[in-house]
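These numbers come from a predicted model, not from an experiment.
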Amino acid sequence: MEFYVDRMTKEDIVYVAQIEKECFSTPWSMDALNDSLKRNDTVFFAARCDGKVVGYCGAYISFEEADITNVAVLKDYRRKNIAMSILQVLFEYCRELGVTGIYLEVRISNEGAVALYEKAGFKNCGIRKNFYDKPREDAIIMRKEID
């Protein structure tokens, strides 16, 4: 299976909103995605396979720090290195901007995502109590140094 990663476009929002609905209990709306895509301090990358958006990642960037908002891949396309590839593109983009650290939050129970982030070089740096709803759950705060 071949795929590639590039910048997300306005036309991709309808597909990304579908991915959100499949992957998250409180998905971002199309309006929220559209508003974020328009921001100068935000970047989104999409993974494409056979002309279809199958995954994406978004991040807010402020000076030398970035905060990943979401990483999501459609269920049928997981475990095919797509999420890691999207993260690698984001890391390179951040490196070019002079970002030195990237943060994210992840559900404590999401063992697959935690393993992915650890493999990508993120380290656990704390807990956010009751960060998530549906169900209410703590988040692990993770940080990756960009060299």
Side-chain angles (χ1 to χ4, degrees), residues 1-122 128 130-146:
M1 179 194 65
E2 290 188 31
F3 66 90
Y4 65 96
V5 178
D6 64 1
R7 291 291 288 268
M8 192 173 104
T9 67
K10 183 179 176 185
E11 291 74 25
D12 296 330
I13 290 174
V14 66
Y15 306 107
V16 171
Q18 295 277 40
I19 294 170
E20 279 280 313
K21 286 179 185 173
E22 179 180 309
C23 297
F24 299 110
S25 62
T26 53
W28 284 28
S29 68
M30 287 181 58
D31 287 342
L33 289 163
N34 192 44
D35 289 347
S36 289
L37 189 63
K38 291 178 186 176
R39 292 174 53 142
N40 292 331
D41 64 347
T42 305
V43 63
F44 286 92
F45 291 100
R48 303 169 196 283
C49 181
D50 297 325
K52 175 181 176 180
V53 176
V54 298
Y56 86 100
C57 173
Y60 296 123
I61 299 173
S62 180
F63 302 101
E64 56 276 336
E65 289 188 347
D67 185 19
I68 293 176
T69 57
N70 283 338
V71 177
V73 175
L74 289 171
K75 287 179 186 164
D76 290 345
Y77 292 87
R78 291 183 188 162
R79 304 218 182 275
K80 300 181 187 317
N81 206 37
I82 292 172
M84 184 64 80
S85 295
I86 299 169
L87 287 171
Q88 294 297 334
V89 170
L90 174 66
F91 298 161
E92 184 56 36
Y93 179 83
C94 287
R95 189 174 290 111
E96 290 171 6
L97 291 179
V99 170
T100 58
I102 301 177
Y103 288 90
L104 60 81
E105 291 90 9
V106 60
R107 283 185 182 272
I108 285 180
S109 65
N110 193 343
E111 295 173 0
V114 172
L116 167 73
Y117 299 138
E118 287 174 343
K119 185 176 177 184
F122 284 87
R128 290 199 199 281
N130 299 315
F131 185 75
Y132 292 103
D133 291 321
K134 298 182 183 177
R136 169 103 27 227
E137 187 173 1
D138 296 346
I140 300 171
I141 305 166
M142 301 185 87
R143 176 181 166 86
K144 176 182 174 59
E145 299 292 325
I146 300 293

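- By the ring pair (Phe, Tyr, Trp, His ring centres under 6.0 Å) test, Tyr132 pairs with no residue at all, sequence neighbours left out.
- Counting heavy atoms from C-beta outward, Val71 and Tyr117 have side chains that approach closer than 4.5 Å.
- In this structure, the side chains of Trp28 and Val16 stay at 4.5 Å or more apart for every pair of heavy atoms.
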For this session: Carefully, step by step, assess Lys10 and Lys38 under the rule side-chain contact (heavy atoms from CB on, under 4.5 Å).
Result: CA-CA 9 Å; Lys10 183 179 176 185; Lys38 291 178 186 176; 5.8 Å; no

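- If you take CD1 on Ile146 and CD on Glu96, they are separated by 11.5 Å, rounding to the nearest 0.5 Å.
- Considering every non-hydrogen atom in both Thr26 and Asp133, the closest pair reads CG2-O, 4.4 Å.
- The two residues Val73 and Arg78 come nearest to each other via the heavy atoms O-NE, 2.9 Å.
- When side chains are defined from C-beta on, Tyr103 counts as touching Glu65, because their heavy atoms get closer than 4.5 Å.
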Exercise. After noting the C-alpha distance and the side-chain angles of Thr69 and Thr42, does the key distance pass the side-chain contact (heavy atoms from CB on, under 4.5 Å) rule?
Worked result: CA-CA 10 Å; Thr69 57; Thr42 305; 6.0 Å; no

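- Proximity of a side-chain donor or acceptor of Asn130 to a complementary backbone N or O of Asp138 within less than 3.5 Å is not detected.
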Exercise. Hey, mind stepping through Arg48 and Asp12 against side-chain contact (heavy atoms from CB on, under 4.5 Å) and telling me if it holds?
Worked result: CA-CA 10 Å; Arg48 303 169 196 283; Asp12 296 330; 2.5 Å; yes

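- The shortest side-chain heavy-atom distance between Cys94 and Ile102 falls under the 4.5 Å cut-off.
- Nearest heavy atom pair, residue Lys134 against residue Ser25, reads O-OG, 2.7 Å.
- Taking both residues in full, the closest heavy atoms of Asn70 and Glu20 are given as ND2-OE2, 2.8 Å, listed atom of the first, atom of the second, then distance.
- The cationic atom of Lys80 (NZ for Lys, CZ for Arg) does not lie both less than 6.0 Å from the six-membered ring centre of Phe3 and within 45° of the ring axis.
- The pair Arg39-Asp41 meets the salt-bridge criterion, since a charged nitrogen lies less than 4.0 angstrom from a carboxylate oxygen.
- Nearest approach of Phe44 to Gly58, heavy atoms of both residues: CD2-CA, 3.4 Å.
- Within 6.0 Å of the OH atom in Tyr60, the count of heavy atoms belonging to other residues, nucleotides or ligands exceeds 12.
- A distance below 6.0 Å separates the ring centres of Phe45 and Tyr93.
- Panel note: side chain Asp35, backbone Ala32; no donor-acceptor pair is recorded below 3.5 Å.
- The two atoms that bring Met30 and Ile13 nearest to each other are O-CG2, 3.8 Å, heavy atoms only.
- Side chains of Leu90 and Val43 form a contact here, defined as non-hydrogen atoms less than 4.5 Å apart.
- No side-chain heavy atom of Leu74 sits less than 4.5 Å from a side-chain heavy atom of Ile82.
- Here the straight-line distance linking atom CE of Met8 with atom CD1 of Ile86 works out to 11.0 Å at 0.5 Å rounding.
- To the nearest 0.5 Å, atoms CG (Leu104) and CZ (Phe122) are separated by 4.5 Å.
- Rounding to the nearest 0.5 angstrom, the gap separating the CD1 atom in Ile68 from the CD1 atom in Ile61 is 10.0 Å.
- Note that CG of Leu37 is 8.5 Å distant from CG of Leu33, once rounded to the nearest 0.5 Å.
- In Arg79, the CZ atom is not crowded: 12 or fewer heavy atoms of neighbouring residues, nucleotides or ligands sit closer than 6.0 Å.
- One distance of note links CD of Glu105 with CG of Asp67; it measures 5.5 Å at 0.5 Å rounding.
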